[in-house]
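Only one structure is covered here, and it is reproduced in the block below.
Reminder, nothing fancy here: chain letters follow the sequence lines and each chain counts from 1.
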Protein chains: 2
Amino acid sequence: MVSQSELSDVEIDRIFQALAASTRRDILRRTLVAEQSVSELAAEYDMSFAAVQKHVAVLEAARLIVKRAVGRERLVSANPEVIARAQALLARYEELWRARVDQLDALLAEPDN
Amino acid sequence: MVSQSELSDVEIDRIFQALAASTRRDILRRTLVAEQSVSELAAEYDMSFAAVQKHVAVLEAARLIVKRAVGRERLVSANPEVIARAQALLARYEELWRARVDQLDALLAEPDN
DNA sequence: ACTTTGTGAAACCATTTGGTTGTACGTTAG
DNA sequence: CTAACGTACAACCAAATGGTTTCACAAAGT
């Protein structure tokens, strides 16, 4: 079992904000597959090292990734836990929708209409 | 079956960007449960009508909601289709993670280690 | 006919975002 | 020891964001 403290609004803001840029989604994808140093990541994109580092920082603030120090390198790996939380959030939205549809169905099934 | 054209990066950007503000998530929640006019929505928040209208516009640009005109009102309702797409995206990320874990498991299960 | 209501859009402003370059500093390599 | 590498951070800038107020206009109510 993992820590199941509820996510605050600002935390959710940060998660979706972090996901709202394709470079960051790509970094997330890469680090889900395998741990990578910040330089390795930076080499993949057509922008400065500092820019990539900032993207990594945004993902880290959202706790979508974690870094661990190994010598002078910082190895980045994704945190699937938080991704799962975001997914669960969206799933709850869909549930609201289903409830609405069910309610409508029940109404239509009412005999005295 | 619904239209299954692939989402572009910018479309995905817009979806997550739209989800990255709690007011907009709240609007989405309300309109998932029941159709609401823009004024009805605006009445719920401590900001100007124009501000809420802008939030609605952001959600609409992301196609997370749709509007239909009834007289002078614009009735807003959520589009669960797009929410499902976002959820599916996150699910694929989790799948990448699982593949990584499986690969690691296989490696550890190797007899000649 | 006039007024009110619901919506949209423009202009404006402060803050945030996403990029840049430059600097500093610890770690590894020669 | 010195040079190169990996990272972090600050300062700066343009563009986007999130709010405001104001104006315009069509639809509904009186």
- prompt: Of all the nucleotides listed (dA11(C), dT17(D), dC9(D)), which has the minimum atom distance to the side chain of Q17(B)?
  reply: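 Within the option list, the nearest is dT17(D).
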
query: Of all the nucleotides listed (dT20(D), dG6(D), dG8(C)), which has the minimum atom distance to the side chain of E73(A)?
result: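 Of the options given, the side chain of E73(A) lies nearest dG6(D).
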
Would you mind reading off the distance between [X] atom [atom1] and [N] atom [atom2], rounded to a whole angstrom?
X: K54(B); N: dG8(C); atom1: NZ; atom2: C1'; answer: 12 Å
X: M47(B); N: dC13(C); atom1: CE; atom2: P; answer: 22 Å
X: H55(A); N: dT7(D); atom1: NE2; atom2: C1'; answer: 17 Å
X: R74(A); N: dT28(C); atom1: CZ; atom2: C1'; answer: 13 Å
X: Q53(A); N: dG19(C); atom1: CD; atom2: P; answer: 13 Å
X: L41(A); N: dA8(D); atom1: CG; atom2: C1'; answer: 16 Å
X: F49(A); N: dT23(C); atom1: CZ; atom2: P; answer: 17 Å
X: D13(B); N: dT17(C); atom1: CG; atom2: P; answer: 15 Å

- prompt: If only side-chain N and O atoms of S48(B) are considered, is one of them under 4.0 Å from the OP1 or OP2 phosphate oxygen of dT20(D)?
  reply: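 S48(B) to dT20(D) OP1/OP2: side-chain N or O found under 4.0 Å.
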
task: Indicate yes or no: at least one non-hydrogen side-chain atom of E44(A) is less than 4.5 angstrom from one of D26(A).
output: no

Close side-chain approach of L28(A) and I83(A), heavy atoms under 4.5 Å: yes

field: 5' priority, DNA chain D, between R24(B) and A50(A) [closest heavy atom]
entry: A50(A)

field: Contact nearer the 5' end of DNA chain C, comparing R72(A) with A51(A)
entry: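 Mapping each residue to its closest nucleotide by heavy atoms, the 5'-most match is A51(A).
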
- prompt: If you pin T23(A) and E40(B) to their nearest nucleotides in DNA chain C, which one's is more 5'?
  reply: E40(B)

field: L7(B)/I15(B) under side-chain contact (heavy atoms from CB on, under 4.5 Å): CA gap, chis, key distance, verdict
entry: CA-CA 10 Å; L7(B) 289 173; I15(B) 293 169; 3.9 Å; yes

Identified salt bridge (charged side-chain N to carboxylate O under 4.0 Å, His left out) partner of E60(B) from the options R74(B), K67(B), R68(B): K67(B)

task: Could you tell me which non-hydrogen atom of T31(A) sits nearest to which non-hydrogen atom of Q36(A), and how far apart they are?
output: CG2-CG, 4.4 Å

